[in-house]
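Predicted model, so just to flag it, every value in this text is computed and none were measured. FYI, side chains are in, hydrogens and waters are out, and symmetry mates aren't considered; it's all heavy atoms of this structure.
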There are 2 protein chains.
Amino acid sequence: MSKRATAREVAEQAGVSKWTVIRAFTPGASIAESSRVKVMAVAEKLNYRPNLLARSLATNLTHQVAVLVDDFENPYKLSFLERLTLELQSEGLVAVLININEHFDHVHALLNADQRQLDAVIMCGTAFRTEMLQDVRLDGAAPIFVLARDSQIPGVPAINCDTTLAIKDLCRHLHGKGYRRPGFMAGPKTLSTALGRRRAFKAFWKAQGIAEMPELAAHHYSAASGAEAVRRYLNEVPPAGRIDVLLCENDVLAFGAMDVIRSEFGLKVPADIAVAGFDNTLFAAAPAYDLTTYEQPVEAMVKATVAMILGREPKKTVILPGRLVVRGSA
Amino acid sequence: MSKRATAREVAEQAGVSKWTVIRAFTPGASIAESSRVKVMAVAEKLNYRPNLLARSLATNLTHQVAVLVDDFENPYKLSFLERLTLELQSEGLVAVLININEHFDHVHALLNADQRQLDAVIMCGTAFRTEMLQDVRLDGAAPIFVLARDSQIPGVPAINCDTTLAIKDLCRHLHGKGYRRPGFMAGPKTLSTALGRRRAFKAFWKAQGIAEMPELAAHHYSAASGAEAVRRYLNEVPPAGRIDVLLCENDVLAFGAMDVIRSEFGLKVPADIAVAGFDNTLFAAAPAYDLTTYEQPVEAMVKATVAMILGREPKKTVILPGRLVVRGSA
DNA sequence: TTGTATGCGTTATCAG
DNA sequence: CTGATAACGCATACAA
């Protein structure tokens with residue numbers, strides 16, 4: 001039942017001042033080896049370890065980083081969280097995971113992070129309105145980073161995959177495969193716009209002299225919404241006038257789309273309609289989907305983010321190239 | 001560029017003592033309405049908000065809870081994280097997400113949580129050796145809770161789904177469907193044992209007078225390992241002697257198994273081999289898998305955990321019933 | 001190398 | 001209701 005020992009208690013038992021105890025636990029502090037050993041022995045006995053809370057109060061560094069997430073339906077988020085926590089922890093930082101939802105929005109989260117003196121805030125692919133950040137006065141607060149999404153906010157760097165390049169790579173592949181009647185499935189309007197994938201898609205095909213590009217609108221970034229969108233389309237448009245390839249804004253939408261195309265309409269992928277996604281989610285590789293998609297450079301993005309947080313790199317928007325993953329679906 | 005204002009600064013500008021400022025921000029503190037208004041005005045102007053770090057140091061409460069996770073390959077974890085963060089945040093707590101891996105093990109995480117004075121530690125389905133906890137001396141430290149797994153450690157309550165009931169429900173369904181040659185796919189030995197699913201499985205079929213139950217061993221809880229295990233089995237055992245139903249320890253293994261059964265061996269699910277899983281992952285509902293599985297009562301489990309953390313419920317192991325989800329795969 | 005004084009921004013407690 | 005004093009556990013600067 002030995003309660004947490006404090007530096008003062010250790011000092012008493014070791015017969016030194018508490019500052020000497022602190023020094024023993026401060027790497028690079030000037031302290032005699034003899035007293036260091038003595039202190040450490042007593043510390044071990046009393047089960048003493050420095051109180052990081054008190055340290056944070058004194059140093060103004062919590063070594064904690066807020067990670068804001070709002071879409072838990074996308075398994076892809078899990079990869080991001082894994083890499084992010086891994087990278088943070090390897091640098092002595094930890095992630096405070098904040099669930100952004102109707103009851104707890106960005107402003108709420110930002111204020112909270114501020115009050116807890118967190119060292120940085122990473123908005124991990126969260127959907128936010130640019131105006132939102134201007135409402136909040138966070139002058140002395142932690143720097144904010146936008147991960148896996150663009151940021152138009154001055155002073156708030158984004159670390160993102162090169163969307164233009166990515167969509168171009170994807171579309172070039174589809175075009176090379178001979179598809180000429182492309183369709184695009186987007187998520188909710190505002191969020192979709194922020195991703196910029198639709199724009200790049202239209203630009204590519206227009207450059208190829210193809211003007212007609214049906215758009216299927218999904219209400220959420222979920223398989224169910226993807227399914228619903230494609231169901232609506234297939235019910236409305238007779239076979240002759242249909243698209244021959246569908247690029248979905250992300251894998252989750254693509255999964256839902258493929259499910260409906262095959263199970264409900266008895267069509268073949270890619271023979272009748274080819275499908276491609278974005279993210280290279282774990283399941284994209286499963287034979288059941290075998291989805292052609294695009295992989296974001298998660299590790300590089302995460303490393304770049306953490307480097308900026310640590311001040312090893314200047315804070316500025318970074319765009320990194322990803323990787324086209326060709327599989328059987330398109 | 002207004003730096004973070006402190007209570008003292010606000011006090012000076014408002015012409016009161018800093019304690020009055022604190023009172024203005026302390027719900028239920030006795031303070032004159034007039035001075036409260038005065039303080040709030042200045043606080044607003046100076047952009048003051050209480051420093052939770054300092055508060056934590058004084059109160060010994062951080063309102064932060066460590067959430068340990070070690071398996072980021074299972075999309076199911078995402079549901080847990082979503083519900084957990086949601087519930088914690090609705091109670092004024094936040095989750096510190098800790099990635100348990102080779103470089104950062106449970107002991108490391110526990111010590112870290114201790115030093116950061118976290119209020120509690122939730123081991124969210126992590127694989128640990130019982131001895132491990134005894135090595136760590138964490139007497140005055142935060143209470144530990146084991147979520148979605150059993151705990152044999154005295155004083156460390158587990159919040160889990162009723163495995164025995166769950167497996168019995170699943171198996172009864174399979175038996176009712178007429179399957180008589182059951183097989184079980186387990187994950188890594190030690191982790192699997194901790195889950196207790198295999199044991200319940202064997203018990204059920206033995207009670208039905210069926211003794212032979214092939215076991216397929218997966219090395220990890222991943223689709224690839226599930227695929228590999230079933231591939232090995234199907235290559236070794238000729239069609240005549242094969243199982244007619246395979247219960248996998250979790251959905252992810254089941255997905256991998258189904259992939260191989262159908263794509264590599266051209267067999268039908270459930271006609272040739274039926275498959276069932278455990279967890280009711282998002283993808284289990286997809287037509288591509290249409291997996292019969294068992295759903296853990298995530299929300300109830302999470303609520304029970306948080307209730308104990310807040311001291312609203314006594315700390316003790318809780319076993320909750322889940323829900324059988326019957327689909328087309330078995 | 002070691003000890004001392006002071007500060008970090010709160011909370012708790014008591015006197016007025 | 002308000003101000004003052006001590007305490008939370010450590011860091012920083014300085015003196016010995």
Side-chain angles (χ1 to χ4, degrees), chain A residues 2-40 42-43 46-64 112 114-119 140-142, chain B residues 2-40 42-43 46-64 92 112 114-119 140-141:
Chain A
S2 73
K3 297 273 295 183
R4 231 185 299 271
T6 157
R8 198 177 52 80
E9 304 178 270
V10 174
E12 282 169 8
Q13 287 223 18
V16 297
S17 75
K18 64 173 175 175
W19 294 276
T20 302
V21 175
I22 303 284
R23 285 192 184 93
F25 282 87
T26 306
S30 77
I31 179 176
E33 182 60 17
S34 61
S35 51
R36 204 188 68 80
V37 169
K38 187 168 53 181
V39 166
M40 285 314 218
V42 179
L46 295 184
N47 199 20
Y48 165 82
R49 256 176 307 279
N51 181 335
L52 296 188
L53 210 54
R55 175 176 296 177
S56 293
L57 182 60
T59 57
N60 254 318
L61 280 177
T62 54
H63 298 287
Q64 293 192 141
N112 199 271
D114 180 39
Q115 293 192 56
R116 288 183 191 276
Q117 314 282 92
L118 301 195
D119 295 347
Chain B
S2 74
K3 296 274 294 181
R4 231 185 298 271
T6 157
R8 198 175 54 78
E9 305 177 88
V10 175
E12 282 169 9
Q13 287 223 17
V16 297
S17 74
K18 63 175 176 177
W19 295 279
T20 301
V21 174
I22 302 284
R23 284 190 184 95
F25 283 86
T26 307
S30 76
I31 180 177
E33 183 59 16
S34 62
S35 52
R36 203 189 67 81
V37 169
K38 188 168 53 182
V39 166
M40 286 312 218
V42 179
L46 296 184
N47 198 20
Y48 165 83
R49 256 176 307 279
N51 181 334
L52 296 187
L53 211 54
R55 173 177 297 176
S56 293
L57 181 61
T59 58
N60 253 318
L61 279 177
T62 54
H63 298 288
Q64 293 191 143
N112 199 273
D114 180 38
Q115 293 192 57
R116 288 183 192 275
Q117 313 283 90
L118 301 195
D119 295 347

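Under a 3.5 Å cut-off, the side chain of Thr26(A) and the backbone N or O of Ile22(A) do form a donor-acceptor pair. No donor-acceptor pair under 3.5 Å is formed between the side chain of Gln115(A) and the backbone N or O of Asn112(A).
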Applying side chain to side chain contact (heavy atoms under 4.5 Å, CB included) to Asn51(A) and Leu57(B), what does each step give before you reach the verdict? CA-CA 9 Å; Asn51(A) 181 335; Leu57(B) 181 61; 4.3 Å; yes
Could you please spell out the steps behind the side chain to side chain contact (heavy atoms under 4.5 Å, CB included) verdict for Arg49(B) and Asn47(B)? CA-CA 7 Å; Arg49(B) 256 176 307 279; Asn47(B) 198 20; 3.2 Å; yes
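Taken from CD in Gln13(A) to CG in Leu46(A), the straight-line distance is 4.5 Å, to the nearest 0.5 Å. Summarising the geometry, atom CH2 belonging to Trp19(B) is positioned 14.0 Å from atom CD1 belonging to Ile31(B); distances are rounded to the nearest 0.5 Å.
For the pair Gln115(A) CD and dT10(C) C1', the computed distance is 12 Å after rounding to whole Å. For the pair His63(B) NE2 and dT10(C) P, the computed distance is 15 Å after rounding to whole Å. One interatomic measurement links the two molecules: CG of Leu57(A) to P of dT11(C), which rounds to 12 Å at whole-angstrom precision.
Nucleic acid contact class of Ser56(B) (heavy atoms, under 4.0 Å, all strands): none. Nucleic acid contact for Ile31(A): sugar-phosphate only, since backbone atoms but no base atoms lie under 4.0 Å from a heavy atom of the residue. Within 4.0 Å (heavy atoms only), Tyr48(B) reaches sugar-phosphate atoms of the nucleic acid but no base atom.
If you find the closest nucleotide of DNA chain D to Arg36(B) and to Ile22(A), the one lying nearer the 5' end belongs to Arg36(B). Residue-to-nucleotide proximity on DNA chain D shows that, of Glu33(B) and Asn51(A), the 5′-proximal contact is made by Glu33(B).
For DNA chain D, the outermost nucleotides in 5' to 3' order that have an atom under 4.0 Å from a heavy atom of chain A are dG9(D) to dA13(D).
The two residues Ala11(A) and Ser17(A) have their closest heavy-atom pair at CB-C, 3.5 Å.
Residues from residues 7-18 of chain A placing a heavy atom under 4.0 Å of any atom in DNA chain D, listed by number, are Ala7(A), Lys18(A).
In this structure, Gln117(B) and Leu52(A) have side chains that are not in contact, with every pair of non-hydrogen atoms separated by 4.5 Å or more. Here the side chains of Val42(A) and Tyr48(A) are not in contact, with every heavy-atom distance at 4.5 Å or above.
Across the helix from dT1(C)-dA16(D) to dG16(C)-dC1(D), the helix axis at one end is tilted relative to the axis at the other end by 40° (nearest 10 degrees, each axis from five pairs).
For residues 55-64 of chain B, the side-chain hydrogen bond (donor to acceptor under 3.5 Å, both in side chains) pairs, not counting sequence neighbours, are Gln64(A)-Gln64(B), Thr62(B)-Asp119(B). Annotation: salt bridge (Lys or Arg N to Asp or Glu O under 4.0 Å) contacts involving residues 14-39 of chain B, sequence neighbours excluded, comprise Glu33(B)-Arg36(B).
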Output a table of nitrogen or oxygen pairs between the protein and nucleotides 12-16 of chain C separated by less than 3.5 Å.
unit_1, atom_1, unit_2, atom_2, d
dA12(C), N6, Trp19(B), NE1, 3.1

